[in-house]
Q: 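Let me begin by handing over the structure; questions about it come next.
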Amino acid sequence: MLHKVVEILLFLQPVVFIYFIVLNGFYTLFTIISLRDIRNYLTTITSHSIDNTLNGMFYRPLSILVPAYNEEKTIVASIKSLLALRYPEYEVIVVNDGSTDGTLNRLIEEFRLVRIDRPISLVVPHEPLIAKYVSIDHPHLFVLDKENGGKADALNAGINASRFPLFCSIDADSVLENDALIRATRLFVEDREVIATGGIVRVLNGCEVEDGVVRKVKAPRGLLESFQSVEYTKGFLSGRTSWNYFRSLLIISGAFGIFRKDMVVAVNGYRKSVGEDMDLVVRLHRHCREKKIRYKVVFVPDPVCWTQVPSDLVSLLKQRNRWHRGLIDSLWHGKRMFLNPRYGMVGIFGFPYFFFVEMFGPAVEFLGYVGFLILFILGHVSREFAILFFLLAVLWGTWINLASILLDNLIYKRYGKLGDVMKLCFFGLLEFFGYRQVIVVERLLATFFFWKKGWGKPKRREIHGEISGSTA
Amino acid sequence: MGSETLRDIIITINVLLFAVTFLLFLVLLFHKLHVERRAKKLEQLRETYLADLAHRFYDPSHPVHPPQTFLEYEALGNVVATMLVNVSGEMAENIRRCVRELGVDVHYREMLGSRRWVRRFIAVEKLGYFRFPELKPVFESVLAGEKDSRIIPKAVWALSLIAQRTDLPTINRILRDPLFMSGKFNEYIYTNIIRSFREHEQDALLVEVLDELMADPELPVLLKRDIIQACGAEMFFSAQKMVLSCFTRFRDVAEMRIACIRTLERFSAVDEEWLLTECLRDPDWRIRGVAAKNAHLYSPDIISPLRNLLHDESYHVRINSAHALAKMGEAGLDVLVEETQSEDRFVRDVSQYVLKRLIYAS
């Protein structure tokens, strides 16, 4: 029996090795592309061009949709920051998705909400509304109170209530940079083909926040938050910029994305899923390709959205579990695009990448760790070879992480202190000694329970002072 | 492959990776220091140039340090661009004189020859802000020879800021492409053109030119729509007659009719009530909706058709009509109050909603 297992493991090791080479090869390629593209892009975005848009008449009005479920600790600061954004014409629609805490009461007290029977057109489906409110102090703030139906459902209710041709979905625990909207919507004005854009989401933990505005950008203090900071930098600055380059961007973060409402309505709004953000983008690609509509889904590296990341392991694992289930669900739902040339680069490159590398990645990586360990224990791999291979993985991974942190130097809301950058570098190296393996195991577990719809919501901390993160 | 060879290969790769990673770490740290130092230096230079140029407004003999390095050119270019966006007349001329004296324009013209698109992009943008009439041939040559799709819109923008009659064919040649940029961009370009003509006090000539454009069968109707919208955005009242004639001429193009109504409303051309009444009865709900939105600007005679539109099949038309009625004084409010008792639930809801908003607002 043991002999058979060893045989199988020995047979699978080359597969794992090829996966390792392909994965790191892609990341290396992505980093090199991003280094060139981000630098060029940000050089062309001058403060004049932003001011020009702000002072001019050439913008597209937009509705900000904030789905909120049990967000009493963060909702007020988050909405205050949204009400203070620099944008010529916008409305904020908060959708209280059947919260069981004091979210609605806090909103009513803080923004002097009054009930109003605003007629709403029903263009996309959602759970019934309980009440609608408007703020006396801020006439462009609306609150919808509805029965619980999940984030996708809440966003659909927000879409129905929105008045403007663009909408921005944002998480209730996030803070938008003052000029983020103008930077993110600029492309909708300049390019008729743009149907969705996403900005960069950065880690709020550690930063100094005052009145819903990030005053000082600092690296997080905690271990887990620092690991996540490196991950976010890599994921957004390196990953998404490259998907842009290949015109295959399949994810726009639910924490901050802007969409053309008519296109989202055309695909019947959000679908109830734990990965509703990716699912929507996949369906938009599919719709536009099938209807032969010229379109662009774009990542823009300069609009910044700050978000709280989990500061304890349980919350982090729940979040990663949900992300992986969302990924599988979205890919399964859009399976007809897989390796289908009808869907262009998305079908023949983006989709297979997410399928093989992101979806099956954790299984292969886990097999690699376990297999290698068993073979090492049974004496089929020498200690020297084991150390050498581990070193290879750590060094290559660290190079990729450091290159991503280099990208952070280029963006305009970067970490200011050299100490912060060195800290991130250190965590970029440390990631391979336990953190990565724990995340892989959780993602693997999620693969086996992909049908589950549980959200696993982390508890939040108030957004004020130095943010220490969300806890379970 | 023997295990010894594999071992040697992995060792070599590891040594290389270690060296590259360590090097990258050093690059990262030095780059960080460089970026922060550069940003600080740029800010200092910006403040110096800003103070010097501001001093020049009052004392034309005040010396401004001529830029030597790339960073100094960048700082001065940024300051000049910011100032030229915010000032006009004598002050702007003063700054332009200074730009010429210091050779800033020459620096950016040289940059146009760069092989890197980013540098060419920056050069076109900066030169655009300077708005020197003598740069027209420069922008035209960029438009004629440039292949990069990111620079062409910038050059169109730069040319539009100083455009005169002879430049319009060049600009329109690019804007007529239905896939180029967006309608909003076209509108933006034409507002620049209108401003440029008006700065030269050529309103009459501009009307003539616009008339010709509207009659041009080669020009796409959607570009014509953008031009009309630009007239509205720039409050170019002299174009009112042209807009009215376009409303009739392009009767079967909904986008054009919408642009015309919006522009006329911006002009407060409320004596053209026949036009509004016609639009309120239009079979296209988009036209009815746009017409209803600002119907309160017209005479109280419009109340009756607006009341009918409270029963419209379109949600947007109903809500726009109710808002317009709410802004029409007591007569409009009376209608809304009466409609709160309507048998039609949609009419009741919309009337109650608008009235309630008014109460809360007060």
Side-chain angles (χ1 to χ4, degrees), chain A residues 39-41 43-44 46-49 51-52 55-60 114-123 132 134-136 139 163 188-194 294 382 384-385 388-389 391-392 394-396 398-399 402-403 405-406 408-410 412 414-418 421-422 425 429, chain B residues 3 6-7 10-11 13-14 16-18 20-21 24-25 27-29 31-36 39 78 81-82 85-86 116-119 121-122 125-126 129 150 153-154 178-185 187-188 191 233-234 314-316 318-319 322 346 349-350 352-353 356-357 359-361:
Chain A
R39 188 165 173 267
N40 286 346
Y41 175 81
T43 314
T44 60
T46 55
S47 58
H48 314 114
S49 59
D51 287 345
N52 224 11
N55 302 329
M57 293 154 277
F58 303 98
Y59 60 88
R60 299 191 85 181
V114 286
R115 265 186 99 133
I116 192 154
D117 286 323
R118 177 180 169 178
I120 287 176
S121 56
L122 289 167
V123 284
K132 296 162 237 173
V134 66
S135 165
I136 291 181
R163 290 188 295 141
F188 286 97
V189 175
E190 290 183 355
D191 191 337
R192 67 182 82 228
E193 290 177 10
V194 172
R294 293 178 71 99
S382 72
E384 190 189 16
F385 188 76
L388 281 175
F389 190 78
L391 260 178
L392 177 71
V394 171
L395 284 171
W396 200 352
T398 307
W399 184 90
L402 291 192
I405 297 165
L406 180 64
D408 183 84
N409 284 354
L410 303 174
Y412 87 121
R414 53 185 179 262
Y415 291 110
K417 286 185 182 168
L418 190 65
V421 172
M422 288 181 77
C425 291
L429 169 71
Chain B
S3 64
L6 186 65
R7 181 181 151 274
I10 296 180
I11 288 176
I13 292 173
N14 276 349
L16 276 173
L17 267 176
F18 178 77
V20 170
T21 309
L24 182 65
F25 177 68
V27 168
L28 172 62
L29 295 188
H31 185 257
K32 178 74 191 163
L33 291 171
H34 167 73
V35 164
E36 296 304 331
N78 287 346
T82 311
V85 167
N86 297 309
R116 287 183 54 204
W117 75 265
V118 179
R119 288 172 73 90
F121 180 95
I122 292 169
E125 187 181 47
K126 286 284 157 42
Y129 278 117
R150 290 160 290 201
K154 229 20 179 192
L179 299 177
F180 180 75
M181 301 298 275
S182 69
K184 278 276 175 203
F185 182 82
E187 195 183 323
Y188 178 38
T191 56
E234 267 305 295
S314 161
Y315 162 83
H316 299 282
R318 288 198 301 272
I319 206 146
F346 294 114
D349 285 353
V350 84
Q352 278 170 357
Y353 164 67
K356 245 187 181 177
R357 282 220 72 161
I359 293 164
Y360 291 142

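Reckoned from all heavy atoms, side chains included, excluding hydrogens, waters and symmetry mates. Below, chains carry the letters A, B, ... as their sequence lines are ordered, and counting in each starts from 1.
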Q: Measure distances from I120(A) to the heavy atoms of chain B and classify the residue's part below 4.5 Å as side chain, backbone, both or neither.
A: backbone
Q: V118(B) and N40(A): which non-hydrogen atoms are nearest, and at how many Å?
A: CG2-OD1, 3.1 Å
Q: Which bit of R357(B) comes within less than 4.5 Å of chain A, counting heavy atoms only: side chain, backbone, both or neither?
A: both
Q: Looking at chain B, which one of D191(A), L410(A), L429(A) has the largest number of heavy-atom pairs inside 4.5 Å, strictly under?
A: D191(A)
Q: Under 4.5 Å heavy-atom distance to chain B, tell me which part of R115(A) shows up: side chain, backbone, both or neither.
A: backbone
Q: Please round to the nearest 0.5 Å and tell me the distance separating atom CZ of R7(B) and atom OG of S382(A).
A: 8.5 Å
Q: Look up atom CD in E384(A) and atom CD1 in I11(B), then write down how far apart they are to the nearest 0.5 Å.
A: 5.5 Å
Q: Just how far is it from atom CZ of R163(A) to atom CD1 of I319(B), taken to the nearest 0.5 Å?
A: 8.5 Å
Q: Go through the atoms of F346(B) and report whether side chain, backbone, both or neither lie under 4.5 Å from a heavy atom of chain A.
A: neither
Q: Determine, step by step, whether E190(A) and K184(B) satisfy the salt bridge (charged side-chain N to carboxylate O under 4.0 Å, His left out) criterion, reporting the C-alpha distance in whole Å, the side-chain angles of both residues, the deciding distance to 0.1 Å, and the verdict.
A: CA-CA 7 Å; E190(A) 290 183 355; K184(B) 278 276 175 203; over 6 Å; no
Q: Looking at H31(B), K356(B), H34(B), which has the largest count of heavy-atom pairs under 4.5 Å with chain A?
A: H31(B)
Q: Hey, mind stepping through D349(B) and R118(A) against side chain to side chain contact (heavy atoms under 4.5 Å, CB included) and telling me if it holds?
A: CA-CA 7 Å; D349(B) 285 353; R118(A) 177 180 169 178; over 6 Å; no
Q: Go through D408(A), L392(A), L391(A) and name the one with the most non-hydrogen pairs under 4.5 angstrom from chain B.
A: L392(A)
Q: So which part of A361(B) gets closer than 4.5 Å to some heavy atom of chain A, the side chain, the backbone, both or neither?
A: neither
Q: I116(A) vs Q352(B), test: side chain to side chain contact (heavy atoms under 4.5 Å, CB included). Steps then yes/no.
A: CA-CA 9 Å; I116(A) 192 154; Q352(B) 278 170 357; over 6 Å; no
Q: Mind checking the CD1-CH2 spacing from I13(B) to W396(A)? Nearest 0.5 Å is all I need.
A: 8.0 Å
Q: Heavy-atom pairs under 4.5 Å with chain A: which of L17(B), T21(B), N14(B) has the most?
A: N14(B)
Q: Is there a donor-acceptor contact under 3.5 Å from the side chain of Y360(B) to the main chain of V134(A)?
A: no
Q: Take atom CZ of F18(B) as the centre, draw a 6.0 Å sphere, and report whether it contains more than 12 heavy atoms from other residues, nucleotides or ligands.
A: no
Q: For a quick test of reading the model, state the closest non-hydrogen atom pair linking L402(A) to L28(B) and the distance between them.
A: O-CD2, 4.1 Å
Q: To the nearest 0.5 Å, what is the distance between CD1 on I405(A) and NZ on K32(B)?
A: 11.0 Å
Q: Given a strict heavy-atom distance threshold of 4.5 Å, which part of I136(A) is in contact with chain B: side chain, backbone, both, or neither?
A: side chain
Q: Do the charged groups of E36(B) and K417(A) touch, with an N to O distance under 4.0 Å?
A: no
Q: Indicate yes or no for a side-chain donor-acceptor contact from N409(A) to the backbone of V35(B) under 3.5 Å, with no hydrogens or angles considered.
A: no
Q: Going through the distances and angles, do V189(A) and M181(B) end up as a side chain to side chain contact (heavy atoms under 4.5 Å, CB included)?
A: CA-CA 8 Å; V189(A) 175; M181(B) 301 298 275; over 6 Å; no
Q: Test side chain to side chain contact (heavy atoms under 4.5 Å, CB included) on I10(B) and F385(A) and set out the steps.
A: CA-CA 9 Å; I10(B) 296 180; F385(A) 188 76; 3.4 Å; yes
Q: Chain A heavy atoms under 4.5 Å from F25(B): which part of the residue, side chain, backbone, both or neither?
A: both
Q: So, for Y315(B) and P119(A), which heavy atoms are closest and what is the spacing to 0.1 Å?
A: OH-O, 2.8 Å
Q: If we define contacts as heavy-atom pairs under 4.5 Å, which of R414(A), K132(A), M422(A), R39(A) has the most with chain B?
A: R414(A)
Q: Could you have a look at V194(A), T398(A), L418(A), V394(A) and say which one has the most heavy-atom pairs with chain B under 4.5 angstrom?
A: L418(A)
Q: Calculate, to the nearest 0.5 Å, the distance between atoms CG and CZ belonging to L179(B) and R294(A) respectively.
A: 4.5 Å
